[in-house]
Structures are given as structure tokens and as C-alpha cells.
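Numbers restart at 1 for each chain; the letters A, B, ... are given by sequence-line order, proteins then strands.
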There are 2 protein chains.
Amino acid sequence: MESRIADFIKERRKQLELTQPELAERAGVGLRFIRELEQGKQTVRLDKVSQVLYFFGCQLGVVEMENA
Amino acid sequence: MESRIADFIKERRKQLELTQPELAERAGVGLRFIRELEQGKQTVRLDKVSQVLYFFGCQLGVVEMENA
DNA sequence: CATATTTATACCTTTTAGGGTACAAATATA
DNA sequence: TATATTTGTACCCTAAAAGGTATAAATATG
């Protein structure tokens, strides 16, 4: 189960040298949510994802379909 | 409660001259979901949003924070 | 290799998203 | 304006997301 969003978050977190518990706390979401999010869970809540992305200075947006 | 994603979907739907019930059916989601989504509800499920965007040939992605 | 750190999985509880539907409000059309 | 169409709101129900936590698995470090 891959996910661009998941990969983005995982990579950004590592760039900042944060553990999952640290990111969870600083982004203001639950630890389990971070775990599931990074593992590509699709049935997550949009506002929670936005909350994490906001911590990284990003946000969700509509983009073209990528062919791959 | 504004939302870029909500606005995108509402506009795309109108471009295709679809009613909310029609979009709901064709995208394979509930009518109430379409309603709430277009009204900018933030606590929606990511997979459902993706499902609607897919119908429009788009998807969710991480983008830079927009200043406005 | 042994140990420490980090990540993944499992269990339970509370909250709520989503679906269906009915009706009201708003908008478009004759 | 009257009527038809579309959209918004309110109701109930079911399924499951999210949180907390404990423990196992994996990874990193000495």
C-alpha cells in the first residue's frame, strides 16, 4: 500500500530527525495516527493529514493524475 | 468555512453540468458526502475525497502553503 | 553479538464519518 | 409570480477512525 502523501511525511520527518512520537506530539495528533498515516492508510481523516502537513509548512491540494 | 478542494470539486461538477446526486452516483459516494464535501467539511475521509477527484481525473497531493 | 532505540501490531473505548432519507431553503425556469 | 429543480439541514443507524497503551518486531548503536 503505497502513498505519495505517506512517503512525503515519512521523509520529511526523517529529514528533521524526529521520531514518530515526537512528530505526533509536535503536530498535535495521536501516535497511532502517524504510524498508520506513514504506512499509507487511505481511510484517514483529511483534517488530521492537513494538521501534519501544516507542521511541515505544506498542505493538501488537487493535482493532476500522475502516470506511475 | 472555505476550502480549495471543496471549491475545485464544486466547480468541476458544474462544468460537467452534473447535479450533486449525479456526481454522487457516478463517483460512487453518498449524496450527503458530496454535499458536505462541497461545503468545505474538513473532517472527511481522505479516500472518499480521492474517489471523487479520481472521477475528475485528479488526485490529492502535497503542495506548498499558499499565502492567502 | 548484546543492548537500546525506533517502529509495527494488537486490544479496547469513545467519538463520529458516511449512508439513507425526508423536508426545508434556495435557486432556476416557465 | 408560480412551479420545478437543486441544494442545504436534520434525523437515525452502523461501521470504523482516532486515541491510549502494551508488547512484539525491526532497526540502530555500543
Side-chain angles (χ1 to χ4, degrees):
Chain A
M1 188 192 277
E2 65 141 50
S3 166
R4 289 174 229 286
I5 295 171
D7 292 343
F8 176 88
I9 288 169
K10 187 177 245 175
E11 286 175 21
R12 270 295 180 93
R13 174 174 66 79
K14 298 209 164 178
Q15 282 174 13
L16 299 180
E17 299 189 66
L18 296 173
T19 62
Q20 289 176 341
E22 286 167 344
L23 174 58
E25 167 140 54
R26 297 186 60 181
V29 298
L31 168 58
R32 239 203 35 197
F33 176 78
I34 293 291
R35 298 210 200 289
E36 293 178 332
L37 179 58
E38 288 194 358
Q39 285 175 108
K41 183 178 180 182
Q42 290 295 303
T43 58
V44 289
R45 258 171 47 184
L46 188 114
D47 64 325
K48 295 290 171 183
V49 179
S50 296
Q51 205 172 325
V52 176
L53 291 179
Y54 186 81
F55 173 76
F56 292 134
C58 303
Q59 65 184 164
L60 282 175
V62 180
V63 300
E64 296 298 311
M65 284 288 285
E66 289 177 27
N67 45 323
Chain B
M1 189 191 277
E2 66 141 49
S3 165
R4 288 173 230 286
I5 295 170
D7 293 343
F8 176 88
I9 288 170
K10 186 177 245 174
E11 286 175 22
R12 270 294 180 95
R13 174 174 66 78
K14 299 211 164 179
Q15 281 174 14
L16 299 180
E17 300 189 65
L18 295 174
T19 62
Q20 289 175 342
E22 286 168 344
L23 174 57
E25 167 140 54
R26 299 186 58 181
V29 299
L31 169 57
R32 236 202 38 199
F33 176 77
I34 293 292
R35 297 209 201 292
E36 293 177 332
L37 179 58
E38 288 195 358
Q39 286 175 108
K41 183 179 179 183
Q42 291 294 303
T43 58
V44 288
R45 257 171 47 184
L46 189 112
D47 64 325
K48 295 289 172 183
V49 179
S50 297
Q51 204 173 326
V52 176
L53 291 178
Y54 185 81
F55 173 76
F56 291 134
C58 304
Q59 64 184 163
L60 283 174
V62 180
V63 300
E64 295 298 311
M65 284 289 283
E66 289 177 29
N67 45 323

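Here the closest heavy-atom approach between residue A:Ala6 and residue A:Leu37 is recorded as CB-O, 3.2 Å. When every heavy atom of B:Glu64 is checked against every heavy atom of A:Gln59, the shortest pair comes out as O-OE1, 3.4 Å. Between A:Cys58 and A:Arg12 the shortest heavy-atom distance is SG-NH1, 4.0 Å. Scanning all heavy atoms of the two residues, the minimum distance from A:Thr43 to B:Arg45 falls at CG2-NH2, 3.6 Å.
The CD1 atom of A:Ile34 sits 15 Å away from the P atom of C:dT6 (whole-angstrom rounding). Between B:Gln42 atom CD and D:dA17 atom P the separation is 19 Å, expressed in whole Å. Atom CZ of B:Phe33 is separated from atom P of D:dT14 by 22 Å (rounded to the nearest Å). B:Asp47 has its CG atom 8 Å from the P atom of C:dG18, to the nearest Å. Rounded to whole Å, the distance from CG on B:Leu46 to C1' on D:dA18 is 15 Å. If you take CG of A:Leu37 and P of C:dT7, they are 14 Å apart, rounded to a whole angstrom.
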Review point. Could you walk me through whether A:Val62 and B:Ile9 pass the side-chain contact (heavy atoms from CB on, under 4.5 Å) check?
Key: CA-CA 9 Å; A:Val62 180; B:Ile9 288 170; over 6 Å; no

Point to revise | Sugar-phosphate or base contact per nucleotide [nucleotides 6-12 of chain D; S, B, -; heavy atom under 4.0 Å] | key: SBBBBBB

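No side-chain donor-acceptor contact under 3.5 Å links B:Glu36 to the backbone of B:Val44.
With C:dG18, D:dA18, C:dG19 as the candidates, the nucleotide lying closest to the side chain of B:Val29 is C:dG19.
Near DNA chain C, defined here as any heavy-atom distance below 4.0 Å, the residues from residues 48-62 of chain B are B:Lys48, listed numerically.
Distance check: B:Lys41 NZ to A:Leu46 CG gives 11.5 Å after rounding to the nearest 0.5 Å.
Legend: side-chain hydrogen bond (donor to acceptor under 3.5 Å, both in side chains) pairs involving residues 20-33 of chain B, not counting sequence neighbours, sorted by first then second residue: B:Thr19-B:Glu22, B:Gln20-B:Arg35, B:Gln20-B:Glu38.
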